[in-house]
Amino acid sequence: MKKIIRMFLTLALSAALFVGCSTDTPAAPAGGTPSGNDGGGDTLKIALVTKMVDSTYWQTVKKSADAEAQKLGNVEVTHLGPPTEADIDKQVQIVETCISDQYDGIILAACDKDALIEPVKKAKDAGIPVVMIDSGISEDVYDAFLATNNVQAGAECAKLMAELVGDSGDVAIVNFAAGTQTAVDREKGFTDEIKNNHPNINIVGVQYCDSDPTKAANQATDFISANPNLKGIWGANDQSAVGVAQAVTEKNLTDRIAVVGFDNSDDIKAGLAAGTIKGTAVQMPSAMGSKGVSLVVDLINGKTIGDKNVDTGVTMVTSENYQEPEIDAILNQ
């Protein structure tokens with residue numbers, strides 16, 4: 001197997017983000033006390049609104065955002081988000097509250113590509129700059145967008161899956177949300193790569209687990225029961241992959257059904273070590289958090305930013321290469 005299927009590290013700042021992250025603190029509720037360090041003068045209040053707060057991925061974003069705020073010295077970051085990624089209305093409400101509370105800037109990972117358009121427009125109309133991270137919206141009304149090229153990342157997952165299943169046979173997809181742009185893009189990348197370049201692989205179906213590992217495990221079990229010749233299942237985010245790996249392991253099919261995942265939670269890292277997950281696409285959430293804060297501050301201060309859309313990169317990590325020092329640093333950012 002290739003050592004590294006593909007690596008995109010487009011931000012030079014990424015290496016510096018592997019160290020120096022601040023100690024994590026609980027996410028503040030709406031209207032709660034922001035976290036950060038006041039270096040004197042006017043303090044800039046920035047809302048970091050993610051798709052949920054209680055996941056390894058979003059906590060990594062938060063840590064790097066806090067670290068950048070402390071570095072700048074006069075920035076306070078409040079981390080907010082709905083209870084689950086499926087609670088779109090709650091995220092809309094959170095953004096609208098941030099506007100009413102007159103935050104100086106908003107960093108937003110949208111739960112839904114359409115539902116968050118109007119809140120972003122309202123923020124812009126109120127003079128509040130908005131930097132999207134990870135998950136965008138379907139109208140270009142924001143100031144900047146920092147994200148993985150999720151179409152390409154999905155394609156890289158498909159290439160690894162094809163290698164693992166010998167470029168033939170049945171595979172299935174457990175995705176996490178039908179309306180989230182990241183989920184749409186990853187699925188498109190995966191399915192297009194299979195259809196265009198791997199004609200002997202058949203995708204038997206796609207299910208959406210709403211980022212619930214238990215639901216993902218049940219869906220994977222259903223795929224296994226309905227497709228006796230199934231050779232692989234792709235979980236399109238960390239919760240999906242963890243649930244899929246659980247189902248495959250409980251059926252004692254780890255040697256027959258390859259599991260490919262996405263992201264780098266502790267459970268996914270444990271799966272790589274145990275061989276129950278054969279590979280995963282690791283994003284750069286640390287770059288999203290840090291650069292998101294610096295871009296918002298630049299916008300607040302009237303500076304002109306460069307490229308509006310920035311690919312923060314992805315690395316394919318496998319059960320064979322995860323212990324290599326360079327890969328380990330990315331996996332454990």
Side-chain angles (χ1 to χ4, degrees), residues 1-2 4-8 55-58 60 85 134 148 150-165 171-177 180 182-183 185-187 189-191 193-194 203 206-221 223-224 230-251 253-285 313-323 327-328 330-333:
M1 185 181 293
K2 301 174 186 176
I4 305 175
I5 305 300
R6 187 159 182 170
M7 182 181 293
F8 302 103
S55 77
T56 300
Y57 183 82
W58 297 119
T60 300
E85 295 187 17
D134 184 81
T148 302
N150 281 286
V151 174
Q152 184 60 49
E156 295 302 319
C157 289
K159 291 175 186 178
L160 177 58
M161 180 65 79
E163 185 177 344
L164 291 167
V165 302
V171 300
I173 299 171
V174 176
N175 206 338
F176 55 98
T180 299
T182 48
D185 289 346
R186 291 175 197 176
E187 185 178 320
F190 189 97
T191 56
E193 171 64 25
I194 295 298
I203 299 174
V206 182
Q207 291 292 330
Y208 302 93
C209 71
D210 298 320
S211 293
D212 182 340
T214 300
K215 188 173 180 179
N218 291 335
Q219 290 169 339
T221 299
F223 275 131
I224 293 167
L230 193 68
K231 295 174 70 175
I233 307 176
W234 177 46
N237 75 345
D238 54 343
Q239 294 95 340
S240 305
V242 168
V244 168
Q246 177 187 335
V248 172
T249 301
E250 288 177 352
K251 292 287 186 180
L253 294 173
T254 301
D255 293 334
R256 200 192 84 187
I257 298 178
V259 177
V260 175
F262 213 102
D263 289 327
N264 57 329
S265 69
D266 288 343
D267 287 335
I268 284 189
K269 286 184 280 188
L272 289 170
T276 56
I277 295 175
K278 303 302 184 186
T280 186
V282 178
Q283 304 181 83
M284 299 298 293
V314 69
T315 300
M316 291 305 298
V317 178
T318 71
S319 56
E320 294 185 355
N321 71 14
Y322 76 98
Q323 291 181 309
I327 302 301
D328 179 74
I330 294 167
L331 187 62
N332 291 289
Q333 61 186 288

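Under the side-chain hydrogen bond (donor to acceptor under 3.5 Å, both in side chains) criterion, Q323 pairs with no residue at all, not counting sequence neighbours. Residues passing the side-chain contact (heavy atoms from CB on, under 4.5 Å) test with T254, sequence neighbours excluded: V248, T249, T276, K278. Every side-chain contact (heavy atoms from CB on, under 4.5 Å) that V151 has, sequence neighbours left out, goes to N149, D185. For N175, the side-chain contact (heavy atoms from CB on, under 4.5 Å) partners at least two apart in sequence or on another chain are I173, A183, E187, V206, Y208, A236. N150 pairs by the side-chain hydrogen bond (donor to acceptor under 3.5 Å, both in side chains) definition with R186, not counting sequence neighbours. The ring-ring contact (aromatic ring centres under 6.0 Å, His included) test applied to F190 returns W234, not counting sequence neighbours. Residues passing the salt bridge (Lys or Arg N to Asp or Glu O under 4.0 Å) test with D210 are K215, sequence neighbours excluded. Shown here are the salt bridge (Lys or Arg N to Asp or Glu O under 4.0 Å) partners of K269, two or more places apart in sequence or in another chain: D266. For T280, the side-chain hydrogen bond (donor to acceptor under 3.5 Å, both in side chains) criterion is met by no residue, not counting sequence neighbours. In this structure E193 satisfies the side-chain contact (heavy atoms from CB on, under 4.5 Å) test together with A155, A158, K159, N197, H198, sequence neighbours excluded. For D134, the salt bridge (Lys or Arg N to Asp or Glu O under 4.0 Å) test picks out K51, with sequence neighbours left out.
Between the CZ atom in F223 and the CG atom in L230 there is a gap of 8.0 Å [rounded to 0.5 Å]. Rounding to the nearest 0.5 angstrom, the gap separating the CD1 atom in I257 from the CG atom in L164 is 13.0 Å. Separation of atoms CG (D263) and CZ (F176) is listed at 8.0 Å; rounding is to 0.5 Å. Taking CG from D328 and CG from N321, the interatomic distance works out to 10.5 Å, rounded to the nearest 0.5 Å.
In this structure, C209 and S240 approach most closely via the heavy-atom pair SG-OG, 3.2 Å. A220 approaches V174 most closely through the heavy-atom pair N-CG2, 4.5 Å. Taking each heavy atom of Y322 and A273 in turn, the nearest pair found is OH-CA, 3.4 Å. A pairwise comparison of heavy atoms in V314 and A153 identifies CG1-CB, 4.1 Å as the closest pair.
For T318 (side chain) and E320 (main-chain N/O), a donor-acceptor pair under 3.5 Å exists by modelled atom type.
In summary, of the residues considered (L331, V259, V242), a side chain to side chain contact (heavy atoms under 4.5 Å, CB included) with I268 occurs for V242 alone. The one candidate from I277, L160, V282 that meets the side chain to side chain contact (heavy atoms under 4.5 Å, CB included) condition with V317 is V282.
You'll find the side chain of M284 stays beyond 4.5 Å of the side chain of T148, heavy atoms only. A 4.5 Å side-chain heavy-atom check between F262 and C157 finds at least one atom pair inside the cut-off.
Remark: the Q239 side chain and the D212 side chain contain no N/O donor-acceptor pair separated by less than 3.5 Å.
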